[in-house]
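Please read the structure below before turning to the comments.
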Number of protein chains: 2
Amino acid sequence: MTTDLSDDLFLVHPDGTADGPAAATLSFTRSPTVLLTFAGNRFTRAAARHYQSEFGIGAMDWRMLVMLTREPDSSVSHAARTIGIDKAAVSRSLRRLETLGLAAARDGDERRRHWTLTEAGRRMHGRILDSALERQRRLLDGFTPEEVDALTTYLRRILDNIETLGATDP
Amino acid sequence: MTTDLSDDLFLVHPDGTADGPAAATLSFTRSPTVLLTFAGNRFTRAAARHYQSEFGIGAMDWRMLVMLTREPDSSVSHAARTIGIDKAAVSRSLRRLETLGLAAARDGDERRRHWTLTEAGRRMHGRILDSALERQRRLLDGFTPEEVDALTTYLRRILDNIETLGATDP
DNA sequence: GGCTCCCTGTTGTCATGTCAACATATGATC
DNA sequence: GATCATATGTTGACATGACAACAGGGAGCC
(Lines give C-alpha, C1' and ligand atoms only; values in the text may rest on other atoms or scores of the structure.)
Protein backbone atom coordinates (compact mmCIF):
# COMPACT_ATOMS: atom_id res chain seq x y z
CA MET A 1 0.00 0.00 0.00
CA THR A 2 1.95 2.98 -1.24
CA THR A 3 1.37 6.50 -0.03
CA ASP A 4 1.02 9.39 -2.41
CA LEU A 5 4.12 11.21 -1.24
CA SER A 6 5.78 13.17 -3.99
CA ASP A 7 9.51 12.82 -4.32
CA ASP A 8 9.67 16.56 -4.63
CA LEU A 9 9.05 16.77 -0.88
CA PHE A 10 12.56 15.50 -0.38
CA LEU A 11 14.53 17.07 -3.20
CA VAL A 12 16.20 20.32 -4.05
CA HIS A 13 16.28 21.42 -7.68
CA PRO A 14 18.49 23.63 -9.77
CA ASP A 15 17.21 27.15 -9.26
CA GLY A 16 19.11 28.89 -12.03
CA THR A 17 21.46 30.65 -9.67
CA ALA A 18 25.19 30.16 -9.76
CA ASP A 19 25.06 28.97 -6.14
CA GLY A 20 22.27 26.48 -6.62
CA PRO A 21 22.34 22.72 -7.16
CA ALA A 22 23.74 21.47 -10.42
CA ALA A 23 20.95 18.88 -10.63
CA ALA A 24 18.04 17.60 -8.58
CA THR A 25 19.30 15.85 -5.47
CA LEU A 26 18.39 14.97 -1.90
CA SER A 27 17.65 17.78 0.49
CA PHE A 28 19.71 17.56 3.67
CA THR A 29 16.98 19.24 5.68
CA ARG A 30 13.78 17.76 4.28
CA SER A 31 14.64 14.16 3.57
CA PRO A 32 13.65 11.94 6.52
CA THR A 33 16.22 9.29 5.67
CA VAL A 34 18.99 11.86 5.76
CA LEU A 35 17.72 13.32 9.03
CA LEU A 36 17.22 9.91 10.60
CA THR A 37 20.71 8.83 9.66
CA PHE A 38 22.29 11.99 11.01
CA ALA A 39 20.30 12.07 14.22
CA GLY A 40 20.90 8.42 15.02
CA ASN A 41 24.57 8.59 14.25
CA ARG A 42 25.25 11.78 16.14
CA PHE A 43 23.36 10.80 19.21
CA THR A 44 25.02 7.41 19.37
CA ARG A 45 28.48 8.76 18.88
CA ALA A 46 28.06 11.53 21.43
CA ALA A 47 26.62 9.14 24.00
CA ALA A 48 29.35 6.58 23.34
CA ARG A 49 32.04 9.17 23.86
CA HIS A 50 30.44 10.28 27.08
CA TYR A 51 30.08 6.76 28.48
CA GLN A 52 33.64 5.95 27.50
CA SER A 53 35.15 8.95 29.21
CA GLU A 54 32.89 8.89 32.27
CA PHE A 55 32.49 5.18 32.85
CA GLY A 56 35.17 3.47 30.77
CA ILE A 57 32.80 1.49 28.57
CA GLY A 58 31.19 2.30 25.21
CA ALA A 59 27.69 2.32 23.87
CA MET A 60 27.67 -1.29 22.79
CA ASP A 61 28.74 -2.42 26.24
CA TRP A 62 26.08 -0.23 27.83
CA ARG A 63 23.51 -1.98 25.67
CA MET A 64 24.66 -5.32 26.97
CA LEU A 65 24.37 -4.07 30.55
CA VAL A 66 20.77 -3.18 29.78
CA MET A 67 20.13 -6.47 28.06
CA LEU A 68 21.50 -8.53 30.95
CA THR A 69 19.47 -6.47 33.38
CA ARG A 70 16.38 -7.11 31.30
CA GLU A 71 17.08 -10.79 30.86
CA PRO A 72 19.71 -12.28 33.14
CA ASP A 73 21.17 -15.56 31.98
CA SER A 74 20.99 -14.60 28.32
CA SER A 75 23.11 -16.38 25.76
CA VAL A 76 24.99 -14.55 23.01
CA SER A 77 22.52 -15.45 20.30
CA HIS A 78 19.48 -14.76 22.44
CA ALA A 79 20.79 -11.30 23.22
CA ALA A 80 21.66 -10.73 19.57
CA ARG A 81 18.18 -11.73 18.43
CA THR A 82 16.46 -9.72 21.16
CA ILE A 83 18.35 -6.51 20.54
CA GLY A 84 18.58 -7.06 16.80
CA ILE A 85 22.34 -6.66 16.75
CA ASP A 86 24.85 -8.98 15.17
CA LYS A 87 26.14 -11.80 17.39
CA ALA A 88 29.75 -10.91 16.61
CA ALA A 89 29.28 -7.55 18.31
CA VAL A 90 27.47 -9.14 21.23
CA SER A 91 30.15 -11.76 21.69
CA ARG A 92 32.89 -9.15 21.72
CA SER A 93 31.06 -6.89 24.11
CA LEU A 94 30.43 -9.65 26.60
CA ARG A 95 34.09 -10.54 26.49
CA ARG A 96 35.01 -6.98 27.28
CA LEU A 97 32.52 -6.80 30.14
CA GLU A 98 33.90 -10.05 31.49
CA THR A 99 37.42 -8.70 31.34
CA LEU A 100 36.26 -5.62 33.25
CA GLY A 101 34.61 -7.79 35.88
CA LEU A 102 31.16 -6.48 35.01
CA ALA A 103 29.69 -9.71 33.65
CA ALA A 104 30.28 -13.40 34.07
CA ALA A 105 29.16 -16.53 32.29
CA ARG A 106 27.80 -19.67 33.83
CA ASP A 107 27.94 -22.66 31.60
CA GLY A 108 24.75 -23.86 30.06
CA ASP A 109 25.73 -26.64 27.71
CA GLU A 110 29.12 -26.88 26.03
CA ARG A 111 28.52 -23.87 23.84
CA ARG A 112 25.61 -21.91 25.14
CA ARG A 113 26.80 -19.94 28.10
CA HIS A 114 24.47 -17.92 30.30
CA TRP A 115 25.65 -14.42 30.98
CA THR A 116 24.75 -12.33 34.00
CA LEU A 117 25.96 -9.09 35.52
CA THR A 118 28.26 -9.17 38.48
CA GLU A 119 27.60 -6.98 41.49
CA ALA A 120 30.02 -4.46 39.98
CA GLY A 121 28.12 -4.69 36.71
CA ARG A 122 24.83 -3.99 38.44
CA ARG A 123 26.26 -0.94 40.16
CA MET A 124 27.72 0.28 36.87
CA HIS A 125 24.36 -0.20 35.19
CA GLY A 126 22.63 1.90 37.79
CA ARG A 127 25.10 4.76 37.44
CA ILE A 128 24.96 4.80 33.66
CA LEU A 129 21.18 4.57 33.67
CA ASP A 130 21.00 7.89 35.49
CA SER A 131 23.25 9.42 32.87
CA ALA A 132 21.34 7.83 29.98
CA LEU A 133 18.02 9.11 31.29
CA GLU A 134 19.46 12.58 31.70
CA ARG A 135 20.70 12.51 28.10
CA GLN A 136 17.30 11.36 26.96
CA ARG A 137 15.58 14.16 28.84
CA ARG A 138 17.80 16.65 27.09
CA LEU A 139 17.27 14.99 23.72
CA LEU A 140 13.54 15.38 24.26
CA ASP A 141 13.78 18.91 25.53
CA GLY A 142 10.79 20.87 24.29
CA PHE A 143 8.68 17.82 23.40
CA THR A 144 5.24 17.34 24.91
CA PRO A 145 4.23 13.86 26.09
CA GLU A 146 1.97 13.57 23.06
CA GLU A 147 4.83 14.43 20.75
CA VAL A 148 7.09 11.89 22.41
CA ASP A 149 4.41 9.29 21.96
CA ALA A 150 4.03 10.18 18.30
CA LEU A 151 7.78 10.12 17.76
CA THR A 152 8.11 6.76 19.44
CA THR A 153 5.30 5.39 17.32
CA TYR A 154 6.84 6.72 14.10
CA LEU A 155 10.23 5.26 14.92
CA ARG A 156 8.67 1.89 15.66
CA ARG A 157 6.83 1.99 12.35
CA ILE A 158 10.05 2.88 10.60
CA LEU A 159 11.78 -0.07 12.22
CA ASP A 160 8.98 -2.28 10.96
CA ASN A 161 9.39 -0.85 7.46
CA ILE A 162 13.13 -1.41 7.63
CA GLU A 163 12.51 -5.05 8.42
CA THR A 164 10.14 -5.31 5.48
CA LEU A 165 12.67 -3.53 3.28
CA GLY A 166 15.38 -5.89 4.35
CA ALA A 167 13.23 -8.92 3.70
CA THR A 168 12.48 -7.79 0.15
CA ASP A 169 15.90 -6.37 -0.71
CA PRO A 170 17.63 -8.02 -3.67
CA MET B 1 12.99 24.59 29.71
CA THR B 2 12.45 21.02 30.79
CA THR B 3 9.37 19.01 29.93
CA ASP B 4 7.50 17.06 32.56
CA LEU B 5 8.16 13.67 31.03
CA SER B 6 8.40 10.94 33.61
CA ASP B 7 11.31 8.60 33.28
CA ASP B 8 8.89 5.77 33.82
CA LEU B 9 7.71 6.28 30.24
CA PHE B 10 10.97 4.79 29.09
CA LEU B 11 11.75 2.13 31.64
CA VAL B 12 10.83 -1.43 32.42
CA HIS B 13 10.70 -2.50 36.03
CA PRO B 14 11.07 -5.77 37.92
CA ASP B 15 7.66 -7.39 37.85
CA GLY B 16 8.23 -10.12 40.39
CA THR B 17 8.33 -12.88 37.79
CA ALA B 18 11.33 -15.09 37.24
CA ASP B 19 11.46 -13.90 33.61
CA GLY B 20 11.26 -10.20 34.39
CA PRO B 21 14.02 -7.58 34.66
CA ALA B 22 16.39 -7.85 37.57
CA ALA B 23 16.24 -4.07 38.06
CA ALA B 24 14.74 -1.02 36.41
CA THR B 25 16.33 -0.41 33.05
CA LEU B 26 15.71 1.08 29.61
CA SER B 27 12.86 -0.29 27.55
CA PHE B 28 13.95 -1.36 24.08
CA THR B 29 10.53 -0.53 22.66
CA ARG B 30 9.52 2.65 24.47
CA SER B 31 12.74 4.60 24.78
CA PRO B 32 13.11 7.07 21.91
CA THR B 33 16.88 7.13 22.16
CA VAL B 34 17.05 3.37 21.80
CA LEU B 35 14.62 3.41 18.88
CA LEU B 36 16.37 6.30 17.18
CA THR B 37 19.73 4.60 17.48
CA PHE B 38 18.44 1.33 16.11
CA ALA B 39 16.46 2.85 13.27
CA GLY B 40 19.26 5.12 12.15
CA ASN B 41 21.83 2.41 12.31
CA ARG B 42 19.83 -0.25 10.57
CA PHE B 43 18.68 1.96 7.77
CA THR B 44 22.17 3.29 7.13
CA ARG B 45 23.77 -0.11 7.13
CA ALA B 46 21.16 -1.65 4.87
CA ALA B 47 21.39 1.26 2.42
CA ALA B 48 25.19 1.17 2.47
CA ARG B 49 25.21 -2.52 1.70
CA HIS B 50 22.82 -2.00 -1.15
CA TYR B 51 24.78 0.88 -2.69
CA GLN B 52 28.01 -1.05 -2.34
CA SER B 53 26.73 -4.15 -4.08
CA GLU B 54 24.69 -2.35 -6.75
CA PHE B 55 26.86 0.64 -7.48
CA GLY B 56 30.25 -0.10 -5.97
CA ILE B 57 30.31 2.81 -3.56
CA GLY B 58 29.19 3.14 0.06
CA ALA B 59 26.90 5.45 1.94
CA MET B 60 29.54 8.01 2.76
CA ASP B 61 30.53 8.30 -0.88
CA TRP B 62 26.89 8.65 -1.88
CA ARG B 63 26.62 11.55 0.54
CA MET B 64 29.52 13.26 -1.14
CA LEU B 65 27.89 12.77 -4.54
CA VAL B 66 24.85 14.58 -3.16
CA MET B 67 26.94 17.28 -1.57
CA LEU B 68 28.87 18.01 -4.77
CA THR B 69 25.62 18.08 -6.72
CA ARG B 70 24.23 20.52 -4.21
CA GLU B 71 27.32 22.66 -4.13
CA PRO B 72 29.84 22.08 -6.91
CA ASP B 73 33.33 23.40 -6.19
CA SER B 74 33.11 22.58 -2.49
CA SER B 75 36.26 22.26 -0.42
CA VAL B 76 36.76 19.47 2.10
CA SER B 77 36.06 21.63 5.10
CA HIS B 78 33.10 23.37 3.53
CA ALA B 79 31.51 20.01 2.77
CA ALA B 80 32.31 18.75 6.27
CA ARG B 81 30.72 21.78 7.88
CA THR B 82 27.69 21.71 5.60
CA ILE B 83 26.90 18.04 6.13
CA GLY B 84 28.06 18.04 9.73
CA ILE B 85 30.43 15.14 9.22
CA ASP B 86 34.07 15.01 10.21
CA LYS B 87 36.54 16.30 7.64
CA ALA B 88 38.64 13.15 7.86
CA ALA B 89 35.72 11.14 6.52
CA VAL B 90 35.07 13.71 3.81
CA SER B 91 38.68 13.79 2.75
CA ARG B 92 38.84 10.03 2.46
CA SER B 93 35.59 9.80 0.55
CA LEU B 94 36.66 12.39 -1.99
CA ARG B 95 39.89 10.53 -2.52
CA ARG B 96 37.95 7.36 -3.21
CA LEU B 97 35.62 9.12 -5.64
CA GLU B 98 38.61 10.61 -7.40
CA THR B 99 40.19 7.19 -7.72
CA LEU B 100 36.94 5.89 -9.20
CA GLY B 101 36.85 8.77 -11.68
CA LEU B 102 33.65 10.13 -10.19
CA ALA B 103 35.04 13.39 -8.83
CA ALA B 104 37.94 15.67 -9.57
CA ALA B 105 39.59 18.61 -7.85
CA ARG B 106 40.56 21.91 -9.31
CA ASP B 107 43.07 23.82 -7.29
CA GLY B 108 41.86 26.79 -5.31
CA ASP B 109 44.79 28.09 -3.35
CA GLU B 110 47.64 25.86 -2.27
CA ARG B 111 45.53 23.98 0.20
CA ARG B 112 41.90 24.54 -0.52
CA ARG B 113 40.93 22.46 -3.50
CA HIS B 114 37.54 22.73 -5.18
CA TRP B 115 35.87 19.43 -5.86
CA THR B 116 33.29 18.73 -8.55
CA LEU B 117 31.69 15.65 -10.03
CA THR B 118 32.90 14.32 -13.33
CA GLU B 119 30.43 13.36 -16.04
CA ALA B 120 30.65 9.78 -14.78
CA GLY B 121 29.99 11.05 -11.27
CA ARG B 122 26.89 12.92 -12.38
CA ARG B 123 25.52 9.84 -14.13
CA MET B 124 26.24 7.75 -11.04
CA HIS B 125 24.48 10.28 -8.88
CA GLY B 126 21.37 10.13 -11.02
CA ARG B 127 21.21 6.34 -10.87
CA ILE B 128 21.69 6.16 -7.12
CA LEU B 129 19.17 8.93 -6.55
CA ASP B 130 16.46 6.80 -8.09
CA SER B 131 17.40 3.97 -5.77
CA ALA B 132 17.62 6.24 -2.73
CA LEU B 133 14.19 7.67 -3.39
CA GLU B 134 12.74 4.22 -3.78
CA ARG B 135 14.23 3.18 -0.45
CA GLN B 136 12.81 6.27 1.14
CA ARG B 137 9.37 5.58 -0.25
CA ARG B 138 9.49 2.15 1.28
CA LEU B 139 10.79 3.48 4.57
CA LEU B 140 7.82 5.83 4.67
CA ASP B 141 5.33 3.20 3.61
CA GLY B 142 2.06 3.80 5.44
CA PHE B 143 2.84 7.39 6.43
CA THR B 144 0.53 10.22 5.47
CA PRO B 145 2.05 13.51 4.26
CA GLU B 146 1.13 15.08 7.59
CA GLU B 147 2.92 12.32 9.46
CA VAL B 148 5.99 12.69 7.30
CA ASP B 149 6.00 16.37 7.99
CA ALA B 150 5.70 15.77 11.73
CA LEU B 151 8.46 13.16 11.67
CA THR B 152 10.75 15.46 9.73
CA THR B 153 10.08 18.26 12.19
CA TYR B 154 10.73 16.02 15.18
CA LEU B 155 14.00 14.77 13.73
CA ARG B 156 15.13 18.31 13.06
CA ARG B 157 14.31 19.31 16.63
CA ILE B 158 16.21 16.31 17.88
CA LEU B 159 19.22 17.32 15.82
CA ASP B 160 18.99 20.78 17.35
CA ASN B 161 18.84 19.24 20.83
CA ILE B 162 21.82 17.04 20.03
CA GLU B 163 23.79 20.15 19.11
CA THR B 164 22.77 21.80 22.37
CA LEU B 165 23.65 18.62 24.25
CA GLY B 166 27.06 18.51 22.61
CA ALA B 167 27.74 22.12 23.41
CA THR B 168 26.98 21.61 27.11
CA ASP B 169 28.54 18.17 27.51
CA PRO B 170 31.32 17.96 30.13
C1' DG C 1 60.62 40.27 6.39
C1' DG C 2 59.42 37.97 10.77
C1' DC C 3 56.07 36.46 13.85
C1' DT C 4 51.65 34.81 15.35
C1' DC C 5 47.28 32.94 14.83
C1' DC C 6 44.04 30.46 12.47
C1' DC C 7 42.88 27.42 8.97
C1' DT C 8 43.37 23.40 5.64
C1' DG C 9 43.58 18.70 4.50
C1' DT C 10 45.90 14.31 5.44
C1' DT C 11 46.96 10.41 8.26
C1' DG C 12 46.58 7.49 12.47
C1' DT C 13 43.75 5.15 15.61
C1' DC C 14 39.62 3.50 17.45
C1' DA C 15 34.43 2.14 18.51
C1' DT C 16 30.55 0.33 16.32
C1' DG C 17 28.28 -2.97 13.87
C1' DT C 18 28.11 -5.60 9.63
C1' DC C 19 28.90 -9.92 6.71
C1' DA C 20 31.73 -13.98 6.11
C1' DA C 21 34.07 -18.00 7.50
C1' DC C 22 34.78 -21.50 10.54
C1' DA C 23 35.19 -25.30 14.21
C1' DT C 24 32.34 -27.69 16.71
C1' DA C 25 28.22 -28.81 19.58
C1' DT C 26 23.41 -30.24 19.66
C1' DG C 27 19.24 -32.44 18.30
C1' DA C 28 16.58 -35.33 15.28
C1' DT C 29 16.26 -39.39 12.70
C1' DC C 30 17.30 -43.98 11.44
C1' DG D 1 25.88 -45.45 17.22
C1' DA D 2 26.04 -43.03 12.70
C1' DT D 3 24.50 -39.42 9.89
C1' DC D 4 22.75 -35.06 8.79
C1' DA D 5 20.91 -30.52 9.50
C1' DT D 6 20.99 -26.75 12.29
C1' DA D 7 22.74 -23.93 15.79
C1' DT D 8 26.47 -21.76 18.69
C1' DG D 9 30.02 -18.54 19.50
C1' DT D 10 34.51 -16.88 17.94
C1' DT D 11 37.49 -14.54 14.76
C1' DG D 12 38.65 -11.87 10.47
C1' DA D 13 37.92 -8.09 7.52
C1' DC D 14 35.73 -3.97 6.49
C1' DA D 15 32.72 0.67 6.18
C1' DT D 16 31.62 4.51 8.82
C1' DG D 17 32.65 8.43 11.30
C1' DA D 18 34.73 10.15 15.41
C1' DC D 19 38.87 12.49 17.83
C1' DA D 20 43.81 13.41 17.72
C1' DA D 21 47.97 14.85 15.73
C1' DC D 22 50.41 17.08 12.40
C1' DA D 23 52.74 19.74 8.42
C1' DG D 24 52.24 23.58 6.35
C1' DG D 25 49.59 27.59 3.97
C1' DG D 26 47.59 32.22 4.33
C1' DA D 27 46.41 36.56 6.49
C1' DG D 28 47.23 40.20 9.60
C1' DC D 29 50.25 42.90 12.32
C1' DC D 30 54.56 45.07 13.60
- Query: For DNA chain D, which residues in residues 59-82 of chain B have a heavy atom at a distance below 4.0 Å?
  - Reply: B:Ala59, B:Met60, B:Arg63
- Task: For A:Ser91 and for A:Arg42, locate the closest nucleotide of DNA chain D by heavy-atom distance; then report the residue assigned to the nucleotide nearer the 5' terminus.
- Result: A:Ser91
- Query: Which residue lies toward the 5' end of DNA chain C, A:Ala88 or A:Gly58, if each is placed at its nearest nucleotide?
  - Reply: A:Gly58
- Message: What's A:Arg92 touching, base or sugar-phosphate or nothing? Going by heavy atoms closer than 4.0 Å.
- Response: base
- Query: When all nucleic acid strands are considered with a 4.0 Å heavy-atom cut-off, which category describes A:Gly40: base, sugar-phosphate, or nothing?
  - Reply: nothing
- Check the pair B:His50 / B:Ser131 against side chain to side chain donor-acceptor pair (under 3.5 Å), numbers first and verdict last. CA-CA 9 Å; B:His50 177 70; B:Ser131 181; 3.1 Å; yes
Figure out the [atom1]/[atom2] separation between [X] and [N], and round it to whole Å.
X	N	atom1	atom2	result
A:Leu94	C:dG17	CG	C1'	15 Å
B:Asp86	D:dA18	CG	P	5 Å
A:Tyr51	C:dA15	OH	P	17 Å
B:Arg113	C:dC7	CZ	C1'	17 Å
A:Asn41	C:dG17	CG	C1'	12 Å
B:Arg49	C:dA20	CZ	C1'	12 Å
A:Gln52	C:dC14	CD	C1'	9 Å
A:Lys87	D:dG12	NZ	P	16 Å

- Query: Of all the choices, D:dC19, D:dG12, C:dC7, which nucleotide is nearest to the side chain of B:Arg112 once you look at every atom?
  - Reply: C:dC7
- Query: Choosing from D:dG9, C:dG17, D:dG17, which nucleotide comes nearest the side chain of A:Arg45?
  - Reply: D:dG17
Is the backbone N or O of [Y] less than 3.5 Å from a side-chain atom of [X], with the two atoms forming a donor-acceptor pair by type?
X	Y	result
B:Thr118	B:Leu102	yes
A:Arg156	B:Thr29	yes
B:Arg122	B:Leu117	yes

- Looking at A:Phe55, is A:Arg127 sitting on its ring face, NZ or CZ under 6.0 Å from the six-membered ring centre and within 45 degrees of the normal? no
- Message: Does the structure place the NZ or CZ of A:Arg42 under 6.0 Å from the centre of the six-membered ring of A:Phe38, at an angle of no more than 45° from the ring's axis?
- Response: yes
- Closest approach of A:Ile128 and A:Ile57, non-hydrogen atoms and distance? CD1-CD1, 3.6 Å
